[in-house]
Amino acid sequence: MRRIEPEEDTPDTSTKEELIPLYRQILAIRRMEEAAAKAYSQGKIGGFLHLIIGQEAVCVGAVSTLRRDDYVVATYREHGHAYAKGVSSRAILAELYGKKTGVVKGLGGSMHIFDKPTSFLGGYGIVGGHVPIAAGAGFASKYRGDGRVTLCFFGEGSSTIGGFQEGIALAALWKLPVVFICENNLYSMGTPLYRSLAVEDVSMRALAHGMARDRLDGDDVIRVRRRIQIAVDRARESGEPTLVEVRTYRFRGHSMSDPGLYRTREEVDEWKRRDPLAIARRRLVDECGASEEELRAVEDEVKKEIADAIRFAEDSPAADEYRPYVTKESPTGD
Amino acid sequence: MRRIEPEEDTPDTSTKEELIPLYRQILAIRRMEEAAAKAYSQGKIGGFLHLIIGQEAVCVGAVSTLRRDDYVVATYREHGHAYAKGVSSRAILAELYGKKTGVVKGLGGSMHIFDKPTSFLGGYGIVGGHVPIAAGAGFASKYRGDGRVTLCFFGEGSSTIGGFQEGIALAALWKLPVVFICENNLYSMGTPLYRSLAVEDVSMRALAHGMARDRLDGDDVIRVRRRIQIAVDRARESGEPTLVEVRTYRFRGHSMSDPGLYRTREEVDEWKRRDPLAIARRRLVDECGASEEELRAVEDEVKKEIADAIRFAEDSPAADEYRPYVTKESPTGD
Amino acid sequence: MPVISYREALNHAIKEEMERDERVFLMGEEVGYYQGAYKVSQGLLQRFSERRVIDAPIAEMGFAGVGIGAAMVGLRPIIEFMTFNFSLVAIDQIVNNAAKIYQMSAGQFPIPIVFRGPGGPAVQVASQHSQALESMYSHVPGLKVAMPSTPYDAKGLLKSAVRDENPVIFIEGETLYNATGEVPDEEYLIPLGVAEVKRQGSHVSLIAWSAMVPVCMAAAEKLAEEGIEAEVVDPRTLRPLDAKTIVESVQKTGRCVIVEVGWPLCGYGAEVAYQVQRECLDSLDAPIERVTSEDVPMPYALNLEREVIPQVADVVSAVHKVLYLD
Amino acid sequence: MPVISYREALNHAIKEEMERDERVFLMGEEVGYYQGAYKVSQGLLQRFSERRVIDAPIAEMGFAGVGIGAAMVGLRPIIEFMTFNFSLVAIDQIVNNAAKIYQMSAGQFPIPIVFRGPGGPAVQVASQHSQALESMYSHVPGLKVAMPSTPYDAKGLLKSAVRDENPVIFIEGETLYNATGEVPDEEYLIPLGVAEVKRQGSHVSLIAWSAMVPVCMAAAEKLAEEGIEAEVVDPRTLRPLDAKTIVESVQKTGRCVIVEVGWPLCGYGAEVAYQVQRECLDSLDAPIERVTSEDVPMPYALNLEREVIPQVADVVSAVHKVLYLD
Ligand SMILES: Cc1ncc(C[n+]2csc(CCOP(=O)(O)OP(=O)(O)O)c2C)c(N)n1
Ligand SMILES: Cc1ncc(C[n+]2csc(CCOP(=O)(O)OP(=O)(O)O)c2C)c(N)n1
Ligand SMILES: [Mg+2]
Ligand SMILES: [Mg+2]
């Protein structure tokens with residue numbers, strides 16, 4: 001298994017106060033994704049459904065470094081990122097169900113979550129296409145001097161396409177406060193790393209642009225949080241971008257329609273032994289002295305939250321309008 | 001002035017036999033470009049005209065390493081590259097005049113020289129768009145195992161756009177026999193290097209792809225020839241691509257319509273003191289023991305050639321057909 | 001005759017052409033080991049090896065250009081776009097290189113290449129993945145554009161596309177892959193630029209291609225119950241367009257409804273309407289009607305998507321309109 | 001009234017809007033220090049500094065996307081394409097992001113952005129630099145498309161485009177930059193979606209936009225010498241289209257010729273023809289005619305280029321045809 005840090009690398013210690021909320025988010029995302037998978041198999045969710053199960057520590061740890069008004073730009077695999085930024089499981093699941101109460105009123109579905117109140121600038125379906133948009137949010141922050149930071153997530157398979165390459169080049173040239181986070185889950189659909197990248201170290205893409213870079217394993221939410229914090233601070237203080245590669249793994253197929261035959265059972269099992277959810281829980285118990293009761297309380301709460309969110313999605317009215325959202329009324333001309 | 005090698009760097013010695021033909025080409029391209037500029041100012045050539053005056057040693061030195069059946073793919077600033085590959089000054093100038101006898105029958109003009117007999121795969125007008133095409137020629141050579149090498153020329157201003165970035169990424173991933181040559185003339189139209197690139201060393205673009213790279217000054221045709229030879233040998237023998245940055249300078253504006261106000265007289269003069277034409281001539285006399293007579297003979301011959309080519313262009317019949325070159329007759333369907 | 005799916009028909013066409021001509025290769029995302037995102041290339045990697053079935057990274061602009069370069073020097077690439085929605089990042093290569101190199105080189109370098117993949121809305125894949133871009137590609141001289149509606153047409157047209165000396169944009173119906181139909185074992189070709197009357201009728205001409213053909217056939221059945229005989233004409237190739245077959249049908253029926261899944265403004269149907277009115281003005285008993293998707297990006301929710309995409313009922317009421325029965 | 005050039009009119013519009021609204025900025029290749037490849041941004045860097053007049057590297061996809069991202073969070077970018085030929089490498093950003101984010105976000109994120117630059121063939125710049133792409137952009141819901149033909153329209157429409165809440169594709173006539181016309185000193189706006197009758201006439205309606213308007217005006221003068229009074233209607237905005245004004249003209253004249261510099265198949269004129277025939281079938285005394293460039297990539301040689309692009313004589317003979325005088 002391709003680790004970045006040596007096995008013995010021990011991440012910084014944490015505290016209950018810090019880790020419990022992160023654990024709660026990882027757990028909630030896990031349960032939300034599982035609930036979505038179930039609903040999909042029941043035909044209650046349609047289209048493409050890309051789950052992030054196994055990768056939760058990356059978005060949770062990274063987004064935990066942000067202020068509410070900081071921006072996040074993500075891909076079609078963005079339920080976890082949206083949840084971590086503050087979008088409710090109700091709004092997300094109702095969207096997947098195509099309901100009027102969904103975060104975008106049933107217009108976007110799984111791939112296109114957008115939420116202005118939490119500065120979540122979207123889930124995008126065209127690989128690489130969202131990277132220049134993240135640079136644009138960073139450009140606006142620099143233009144206004146508002147001190148905001150933008151996080152841009154993408155997969156390793158998206159690190160070759162022009163949109164990505166031009167996006168990071170402009171961010172580096174103009175010194176935009178953006179942290180580009182590659183969630184390197186070793187596969188681009190059915191294509192393993194070594195067949196899509198000449199150099200497996202995605203962070204080396206930063207060298208051509210003199211951009212700061214980092215690489216780390218994504219199984220430990222605290223490690224992710226610490227290391228992304230450094231990049232976020234750099235962006236906030238010096239306005240400079242960073243390219244960070246985080247190694248991770250998706251436990252499920254690319255999307256619900258992918259049986260994932262291109263991976264061996266052994267490989268998947270090996271990664272499951274590094275389940276970020278289990279690791280966070282273990283650290284809470286072993287290092288932070290959290291009691292089983294405390295954790296079970298969190299787990300019950302999450303269980304209730306997701307059950308309620310599913311009920312909400314089920315009971316919500318169907319989506320019913322789309323025509324108002326094509327062209328916005330303008331002062332001049334329709 | 002940004003040199004790459006230290007001033008005292010002395011390129012390998014050469015011989016009369018090697019250098020005279022190269023000197024002749026540099027001179028012929030210089031005279032051809034000057035003749036084109038004159039004709040343009042007389043209104044005999046239209047559209048955009050991008051001259052390579054000052055940069056001749058790069059295309060001449062680089063293309064001199066090729067076999068006739070090797071491929072060359074270039075930009076809109078390609079008269080010199082085409083000439084070096086074997087396209088006649090008659091065919092080039094007649095094309096600029098928009099005549100039937102032009103290399104592409106007056107359909108392409110200055111920016112679109114294509115010549116199958118010399119495997120010259122074209123001059124392209126969309127920045128970066130030709131780089132994947134060069135990779136494609138290399139792909140075909142690998143597919144067929146024909147041992148051919150492809151040279152792809154582009155400017156430093158074209159080293160950010162997606163077409164370039166994707167093109168080199170695929171060449172590196174698939175190990176295609178292509179040498180990508182950046183003619184870094186320090187300006188992209190009116191934009192100096194430092195405002196278009198975060199890192200001025202364009203060859204660093206190779207690091208992300210594990211591609212071999214090199215950098216050199218382009219004022220000495222022998223240096224260019226030696227160093228490109230290494231990359232061409234690598235491509236031919238191991239099938240691997242190389243990214244080479246060659247520092248050079250255009251003495252004229254970006255195109256005939258550009259007064260070039262963004263550069264100081266001093267800067268231009270300083271570079272003119274390193275005129276590749278003068279350097280080649282000096283080396284012929286100082287190191288290769290060429291006599292003034294020999295050189296004057298070459299110069300007279302070139303003068304005659306270009307004068308004849310201009311006459312040919314002037315006297316040739318106007319372009320007269322374009323409809324046959326839209327869709328090719330095919331076995332099935334129109 | 002054997003009955004196979006549209007997907008299999010495409011697969012057989014590629015396989016046969018690759019067997020027939022060593023210069024033909026298939027390149028695209030997931031076409032090899034994954035057997036194709038829509039399984040059109042099932043088995044081809046095993047049959048032809050990595051040399052001729054090439055998995056590409058996500059870089060459409062790059063591998064589209066690689067195909068064009070390879071075609072310039074004599075190979076005959078089939079480039080798969082996982083869907084044509086993703087062709088927009090490569091459209092510069094298609095419009096400025098593939099379509100123009102034969103002209104820019106004054107005929108020295110033909111570009112025999114096929115860009116293929118599914119197009120048009122699937123089901124609930126939302127706005128970025130639900131687009132019908134045929135009118136954009138049909139606009140460009142130097143290209144050919146084919147859009148088969150049946151397994152038989154899919155195989156015959158794709159084989160012709162691979163043998164064509166020009167770049168062919170071959171748009172498959174994403175919702176047609178499982179459609180089945182008779183396809184002979186013997187080899188056959190369908191020339192590009194020849195329309196087919198899919199159903200004879202005397203009262204109205206329905207012009208449709210790709211996924212809208214089955215919709216029109218269903219509408220024709222419904223209309224038949226009312227005693228209205230609709231003729232269904234499938235151009236099959238949008239560039240070049242076989243206007244003659246369409247015009248003859250309209251001259252016979254005097255009424256024309258053009259059905260497409262794309263957006264209305266500047267949709268391909270507008271071109272058909274222009275050509276029909278120019279040739280048939282005197283024989284038209286009613287203005288030409290068009291049925292298209294609504295002029296909106298596609299919503300995700302199934303109920304809304306159905307409202308946006310042309311349904312059988314929409315075609316029926318358009319026919320009623322041109323027959324002044326509404 | 002002061003007489004200024006089309007180029008100056010655009011320059012003034014940008015300057016006034018940047019003065020009026022701090023959120024407006026201009027980004028593109030050579031727009032700053034170089035003062036614009038076509039000098040449209042002359043003086044703006046000096047007036048507004050590097051912060052608001054940004055020279056971008058050659059990365060259209062990248063800086064188009066930067067503009068979209070900036071618009072999402074409240075800025076109002078003007079993105080210049082050196083020419084629209086180069087917009088093809090950025091069209092995915094325009095079609096899949098700019099046009100759809102307002103919809104994908106269910107109205108949370110409007111995208112007030114202008115993509116502007118010259119379009120259509122210039123003189124002898126050959127096939128990759130001589131394209132009229134308006135029908136491609138007009139096809140896409142979520143976008144607006146404006147194409148002014150005079151200095152007055154250029155200024156009034158560009159100011160409206162900058163104030164519009166939606167992405168506007170603003171295509172300038174590359175051959176019109178030096179055209180002059182009266183432009184008042186006082187501020188004015190021309191709403192998007194309103195056509196203008198540039199010349200009154202009763203015998204035939206000529207529909208044209210951008211660089212084809214002056215061609216039609218010249219043709220109208222010629223025709224007047226024969227006693228034929230042509231009405232020239234300039235839609236000015238192609239999306240949304242003011243079909244009403246066009247239809248009223250054709251209902252009056254009974255004859256319609258649509259003139260565009262783009263390619264024929266799926267050109268914007270086909271859409272106009274469809275809408276006209278639908279509303280005017282009974283009042284049409286002749287089939288609608290279109291005059292377009294030939295269906296070929298543009299050749300370089302001047303004599304050939306002239307053959308390909310619509311000339312005054314082509315418009316005149318099309319009018320003769322619809323008047324049955326040929
Ligand atoms: C331009 C483009 N090409 C192809 C696709 C189809 N596609 C969607 S996701 C995907 C794989 C992306 O892999 P990666 O970037 O590693 O992200 P992951 O799915 O592993 O999170 C592909 C090929 C697309 N959406 N956009
Ligand atoms: C995609 C695209 N954008 C913009 C242009 C306009 N343009 C033509 S050449 C050029 C500058 C290129 O500079 P560089 O790559 O350094 O090459 P040089 O001209 O210096 O040889 C630009 C911006 C273009 N042709 N294509
Ligand atoms: Mg991945
Ligand atoms: Mg340069």
Side-chain angles (χ1 to χ4, degrees), chain A residues 126-132 135 138-139 142 154 156-176 178 180 182 184 188 191-213 215 238-245, chain B residues 126-132 135 138-139 142 154 156-176 178 180 182 184 188 191-213 215 238-245:
Chain A
I126 307 298
V127 158
H130 64 301
V131 180
F139 176 88
K142 182 179 181 182
F154 58 96
E156 87 292 342
S158 308
S159 65
T160 296
I161 197 162
F164 166 79
Q165 305 250 29
E166 294 187 17
I168 63 165
L170 293 176
L173 177 65
W174 291 335
K175 303 205 179 312
L176 306 177
V178 182
F180 299 96
C182 177
N184 186 344
S188 165
T191 305
L193 217 47
Y194 60 85
R195 280 201 283 108
S196 70
L197 300 177
V199 172
E200 294 195 8
D201 180 347
V202 174
S203 74
M204 287 183 74
R205 297 242 190 295
L207 296 176
H209 311 291
M211 198 190 296
R213 65 196 187 104
R215 295 183 83 198
S238 71
E240 300 214 7
T242 306
L243 176 58
V244 185
E245 174 187 356
Chain B
I126 307 298
V127 158
H130 65 300
V131 180
F139 176 88
K142 182 179 181 181
F154 58 96
E156 87 293 342
S158 308
S159 65
T160 297
I161 197 162
F164 166 79
Q165 305 249 29
E166 294 187 16
I168 64 165
L170 293 176
L173 177 66
W174 291 334
K175 303 207 180 309
L176 306 178
V178 183
F180 299 96
C182 177
N184 185 344
S188 165
T191 305
L193 217 48
Y194 59 87
R195 279 201 284 108
S196 70
L197 300 177
V199 172
E200 294 195 6
D201 179 347
V202 174
S203 75
M204 287 182 73
R205 297 249 193 287
L207 296 175
H209 311 292
M211 198 190 296
R213 65 193 186 107
R215 294 183 84 198
S238 71
E240 300 215 7
T242 307
L243 175 58
V244 185
E245 174 187 356

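Note on naming: letters A, B, ... go to the chains in the order of the sequence lines (proteins, then strands), and numbering restarts at 1 for each one.
- Proximity to chain B (any heavy atom under 4.5 Å) is restricted, for A/S196, to the backbone atoms N, CA, C and O.
- For the residue pair A/T160 and B/A169, the shortest heavy atom distance occurs at CG2-CB, 3.7 Å.
- Nearest approach of A/G162 to B/E166, heavy atoms of both residues: N-OE2, 2.6 Å.
- Counting non-hydrogen atoms of neighbouring residues, nucleotides and ligands closer than 6.0 angstrom, the NZ atom of A/K142 exceeds 12 such neighbours.
- In this structure, the side chains of A/H209 and B/R205 come closer than 4.5 Å at one or more pairs of heavy atoms.
- A/Q165 contributes atom CD, which lies 12.0 Å from atom CD1 of B/I161 (distance to the nearest 0.5 angstrom).
- For chain B, the nearby part of A/L197 is the backbone; its heavy atoms alone come within less than 4.5 Å.
- The minimum heavy-atom distance between A/L207 and B/V199, with the atom names listed, is O-CG2, 4.0 Å.
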